[in-house]
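Within every chain, numbering begins at 1; the chains are lettered A, B, ... in the order of the sequence lines, protein sequences first and strands thereafter. Hydrogens, waters and symmetry mates are skipped; everything else that's a heavy atom, side chains included, is used.
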Amino acid sequence: MTETFEAMLEELRRIVRKLEDGDTSLEESIAIYERGALLVKQCEDLLGTAEMKLTELGRDR
Amino acid sequence: MMLGGHSTSPERFGTPILAVSEVSGLICSLLDDACLHQIWVRGEVTNYRDHTSGHRYFSLVEGNGRDSALINCAMWRSYASELRFEPRDGMDVLAWGSVEVYEPQGRYQFIVREMHPAGLGERHLMVERWKQELDADGLFDPGRRRPLPAFPQRIGVVTSRTGAALQDILSVISRRYPAEVVLSPTAVQGEGAHIEITEAIRRIDGLVDVIIVGRGGGSFEDLFPFNHPDVVRAVAGCGTPVISAVGHEVDTALCDFAADLRAPTPSAAAERAVPERRQVLRELAGCAERMEALLRSRLAASQNEVEDLRGRMHPRRLARRINERMQRLAEHEELLRRAALSRVQRERAALAEIRAGLAGQNPLAVLDRGYCIVEADGNIARSVGDLEPGGRVALRMKDGRASAVVEEITYDRDL
């Protein structure tokens, strides 16, 4: 969960590109598809459940 | 060079007679002086006319009575549209422009490019000077602008805790994207506000992914701290990308030029700072769909490949090979069977031999050769010691038995 949303989305895009590339073996295609499906879910969960939060910096240095 | 000059130039009593255009040209060249160009002039507006064409014509006067001075002014439509106030006769103004000659009418005019009410004039001049200095230092170079992060987790806001700008930013972000907003509170107007803004920027730099610096709309005076070089330099020197959002669409402050992005309002800044949740969800759904379609087509392609290979394996050839193997297997089986059979026969022969050998060992076989066995009391008598004179013995011969009586016993001498 230390991964940032952007990193997850970037990995997802890479997976789609890799699936588009015909050189990937079937086994690998299935493996990265599963990884991709997990990422989609994680991203959706993150977006779906999180709420905006407000904090304030103190003025003291 | 001067050969023709004397005969063609008319003169009267030694003084050359000039054409009107020549005099006008001289005036033009005399007025074409740096000290009359791009200058600020302070004066009172008079004879102000807002022409239907959109151009403004007026005069600037100084003092009244005998020592008064007057300059005719024109402000063309494109510049007049930038006016932030409506000039009126009697208004003290500060005008920026150049003196130009209009030869067809033999008039010179002050062509005004920018004009402000003079009470603020001093401050406008100050901003103008700061702008030139900061620009000369390269702080407004568009090449310095950095891209904003696509998916910020934390958004810093440098503004007033109580202002409308903060509320606008919060409402936009909460609607669009689940990010954390970190407020670095500061006064946004008044004396010393620029020091607080500068501090607030430095305090939050590095703690967030992007910073919005700004405030809602207000007068030139209200927005003034955002022109201060300290604020501009803090924005330019910020390690975190900065969105500047000072006032409304029409307002600009110098910190806008130093920021990585200038937003027309705080709400617009918030919109630029975060992506929209629904749009991201749409992209995610698109990714999922695309992945599934790709995997399906990949599976279909693999299936086709297997079918193709199966076809290329030539079933007939395979059947023939299987047949060959079966045949050889059958041959081997026969060989094995034969081998097993001959072994049995060998074993049988060996057994017959042993049986023959055993037959030789049969004790009764000796009877055939004329020997006889003597039995006394049912036991075989091996020694004359087993007998006694007058005792009865049985004689067993090849073809029967006989009963006899022992007459005499003689031991061999050497026993």
Nearest 0.5 Å, please: how far is [atom2] in [Y] from [atom1] in [X]?
X      : Y      : atom1 : atom2 : value
B/L170 : A/M52  : CG    : CE    : 4.5 Å
A/K18  : B/L294 : NZ    : CG    : 13.5 Å
A/K53  : B/Q153 : NZ    : CD    : 10.5 Å

Part of B/E283 within contact of chain A (heavy atom distance under 4.5 Å):
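Side chain only.
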Chain A heavy atoms under 4.5 Å from B/S297: which part of the residue, side chain, backbone, both or neither?
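For B/S297, no heavy atom lies under 4.5 Å from chain A.
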Count the heavy atoms of every other residue, nucleotide or ligand shown that sit under 6.0 Å from [atom1] of [X], and state whether that count exceeds 12.
X      : atom1 : value
B/R144 : CZ    : yes
B/R321 : CZ    : no
B/Q303 : CD    : no
A/R13  : CZ    : yes

Side chains of B/L207 and A/L57 in contact at under 4.5 Å (non-hydrogen atoms)
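Yes; the side chains approach each other to less than 4.5 Å.
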Just wondering, do A/L12 and B/L284 contact through their side chains at under 4.5 Å, heavy atoms?
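Answer yes - side chains close enough.
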Top contributor to chain B contacts, counting heavy-atom pairs under 4.5 Å, from A/I30, A/I32, A/L9:
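Heavy-atom pairs under 4.5 Å are most numerous for A/L9.
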How would you list, in number order, the residues of residues 171-182 of chain B that have a heavy atom less than 4.5 Å from chain A?
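Those residues of residues 171-182 of chain B which have a heavy atom under 4.5 Å from chain A are B/I173, B/S174, B/Y177, B/P178, B/A179, B/E180, B/V181, B/V182.
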Could you tell me which of B/P185, B/A150, B/A288, B/G156 has the largest number of non-hydrogen atom pairs under 4.5 Å with chain A?
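Of the options given, most contacts go to B/P185.
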Before accepting this row, confirm whether a basic side-chain N of the pair A/E28/B/R298 lies closer than 4.0 Å to the acidic partner's carboxylate O.
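No, this pair does not count.
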Identify each donor-acceptor pair in which a side-chain atom of residues 269-280 of chain B lies under 3.5 Å from a protein atom, sequence neighbours left out, and give them as a table.
unit_1 : atom_1 : unit_2 : atom_2 : d
B/E276 : OE2    : B/R278 : NH2    : 2.6
B/R277 : NH1    : A/L47  : O      : 2.4

Do you know which two heavy atoms are closest between A/G36 and B/M291, and how far apart they sit?
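Of all heavy-atom pairs spanning A/G36 and B/M291, the closest is C-CE, 3.4 Å.
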